Amino acid sequence: MSYIEVNGETKRYQTGQTIIYANRDVSFSARQGELIVILGASGAGKSTLLNILGGMDTCDEGQVIIDGNDIAQFDAKQLTTYRRFDVGFVFQFYNLVSNLTARENVELSAQIVGNAADATQTLADVGLADRVDNFPAQLSGGEQQRVAIARAVAKNPKILLCDEPTGALDYNTGKQVLQILQDQSRKRGATVIIVTHNAAIAPIADRVIRMRDAQVQSVELNPTPTDIKDIEW
Ligand SMILES: Nc1ncnc2c1ncn2[C@@H]1O[C@H](COP(=O)(O)OP(=O)(O)O)[C@@H](O)[C@H]1O
Ligand SMILES: [Mg+2]
């Protein structure tokens, strides 16, 4: 069995008489340590899928098997444990705590697990050794996103889920962030899933899942991912 196996996952929203499918019969699998890109236009259902994979939302139907456990069957307490120990999340707009320094933001997240990496070292690993005592407002967008990545990876998550992580960043800063995310899969063996609407990012992935109208349109394996320095948008 693959590390991630999603089978027939469906998520609906009802507004008045209308039912909207955010995810419809979504199925795919992925291996541990892969860099996966989920590609699709706005509204395609990408964030819904990512939130369900991260245990932040639940589906209406289907299986979401992670490392042998169907998290779709988890109760709230099991989901809390799963989110806490197994998942790191990186958002488009960083979501840092504004009155805490970079180091404190990372420590805050690290505190909720037992075996967290050192906050200062993790910040140094993402190139922020000299910014640990800065508050978010004193950092550029790219630096704030690197703090957010440090916060997510200090927990040593098995799965790193990233929702449009470069969406608010300029071209070069976006590439730096992608390199750090790719390193998490290549060097740490984390399974990294990047959601994006930017097709230019897809060639860096080991696996590309294309979504359209709440459904998976295609899943492609890429045996020779492109170096991040060679992609352009
Ligand atoms: N809480 C919600 N209530 C109603 N509709 C929602 C809700 N969340 C998402 N949707 C709808 O589900 C679809 C997929 O949304 P989303 O997963 O955010 O797409 P993407 O991340 O690809 O832009 C969209 O049509 C969106 O409007
Ligand atoms: Mg989205």
Side-chain angles (χ1 to χ4, degrees), residues 4-30 34-66 71-72 74 76 79-80 82-83 87-96 141-142 144-145 148-149 151-152 157 159-171 173-175 177-178 180-182 184 191-220 233:
I4 297 178
E5 286 239 7
V6 178
N7 296 313
E9 181 269 313
T10 295
K11 175 74 174 180
R12 293 179 282 266
Y13 291 104
Q14 184 154 11
T15 37
Q17 303 284 56
T18 345
I19 291 175
I20 294 168
Y21 279 84
N23 283 174
R24 189 197 286 256
D25 197 18
V26 167
S27 300
F28 68 91
S29 60
E34 280 184 343
L35 175 65
I36 300 142
V37 163
I38 299 176
L39 182 66
S42 177
K46 308 181 298 296
S47 295
T48 301
L49 175 58
L50 204 67
N51 290 339
I52 288 170
L53 287 168
M56 300 206 301
D57 201 353
T58 52
C59 58
D60 296 309
E61 286 171 39
Q63 292 180 309
V64 182
I65 299 168
I66 312 277
I71 67 164
F74 276 8
L79 282 176
T80 302
Y82 167 68
R83 280 194 306 269
V87 182
F89 225 103
V90 175
F91 303 92
Q92 179 174 358
F93 295 109
Y94 332 130
N95 292 5
L96 301 175
Q144 290 185 59
Q145 191 61 304
I149 293 169
R151 175 179 62 183
I159 305 181
L160 185 57
L161 301 174
C162 314
D163 198 348
E164 305 273 6
T166 62
L169 303 177
D170 64 51
Y171 178 76
T173 312
K175 281 186 157 192
V177 162
L178 290 175
I180 291 167
L181 294 175
Q182 190 179 56
Q184 292 302 314
T191 306
V192 178
I193 306 186
I194 299 175
V195 155
T196 182
H197 65 275
N198 183 354
I201 291 176
I204 72 166
D206 299 305
R207 188 182 300 263
V208 180
I209 298 167
R210 285 190 169 74
M211 287 193 76
R212 188 179 172 178
D213 295 338
Q215 291 178 291
V216 171
Q217 210 180 7
S218 65
V219 180
E220 257 172 70
W233 68 82

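Positions are given from 1 along the sequence. Keep in mind that the numbers below use all heavy atoms, side chains included, and drop hydrogens, waters and symmetry copies. Here the structure is a predicted model, which is why all the values come from computation and not from measurement. Both ligands and their constituent atoms are indexed starting at 1 by order of listing.
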Could you tell me whether some N/O pair between [X] and ligand 1 is separated by less than 3.5 angstrom?
X: G45; value: yes
X: I20; value: no
X: T15; value: no
X: K46; value: yes

Inset, instruction - Check whether any N, O or S atom of S47 sits under 2.8 Å from the Mg ion (ligand 2). - result: yes
First locate atom [atom1] of [X], then atom [atom2] of [Y], and finally report the distance between them rounded to the nearest 0.5 Å.
X: I201; Y: L35; atom1: CD1; atom2: CG; result: 10.0 Å
X: L161; Y: I194; atom1: CG; atom2: CD1; result: 10.5 Å
X: D57; Y: N23; atom1: CG; atom2: CG; result: 9.0 Å

Inset, instruction - Scan the protein's non-hydrogen atoms and note whether one is under 4.0 Å from atom 21 (O) of ligand 1. - result: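 It does: a protein heavy atom is found less than 4.0 Å away from atom 21 (O) of ligand 1.
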Legend entry - atom 26 (C) of ligand 1: any protein heavy atom closer than 4.0 Å: no
Inset, instruction - Compare all side-chain heavy atoms of F89 with those of N51 and state whether any distance is below 4.5 angstrom. - result: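 F89 vs N51: side chains touch.
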Inset, instruction - State, yes or no, whether a side-chain contact exists between F74 and V64 at a heavy-atom distance under 4.5 Å. - result: no
Which residue and non-hydrogen atom of the protein lie closest to [atom], and at what distance in Å?
atom: atom 12 (O) of ligand 1; result: A22 CB, 3.3 Å
atom: atom 24 (C) of ligand 1; result: G43 O, 3.8 Å
atom: atom 8 (N) of ligand 1; result: Y13 CE1, 3.4 Å
atom: atom 18 (O) of ligand 1; result: S47 CB, 3.8 Å
atom: atom 16 (P) of ligand 1; result: T48 OG1, 3.6 Å

Legend entry - Criterion side chain to side chain contact (heavy atoms under 4.5 Å, CB included) against I38, the qualifying member of R210, M211, H197: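 Passing option: M211.
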Legend entry - Residue from I193, I36, V37 passing side chain to side chain contact (heavy atoms under 4.5 Å, CB included) with R207: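 Option passing the side chain to side chain contact (heavy atoms under 4.5 Å, CB included) with R207: I36.
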Inset, instruction - Kindly say whether S27 contributes a backbone atom to a donor-acceptor pair with the side chain of N7 at under 3.5 angstrom? - result: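 Checked: no pair found.
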Legend entry - Whether R12 side chain and I19 backbone form a donor-acceptor pair below 3.5 Å: no
Legend entry - G40 to ligand 1, any heavy atom closer than 4.0 Å: no
Inset, instruction - Report the part of A41 (side chain from C-beta onward, or backbone N, CA, C, O) that has a heavy atom under 4.0 Å from ligand 1; answer both or neither where that applies. - result: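 The part of A41 near ligand 1 is the backbone, not the side chain.
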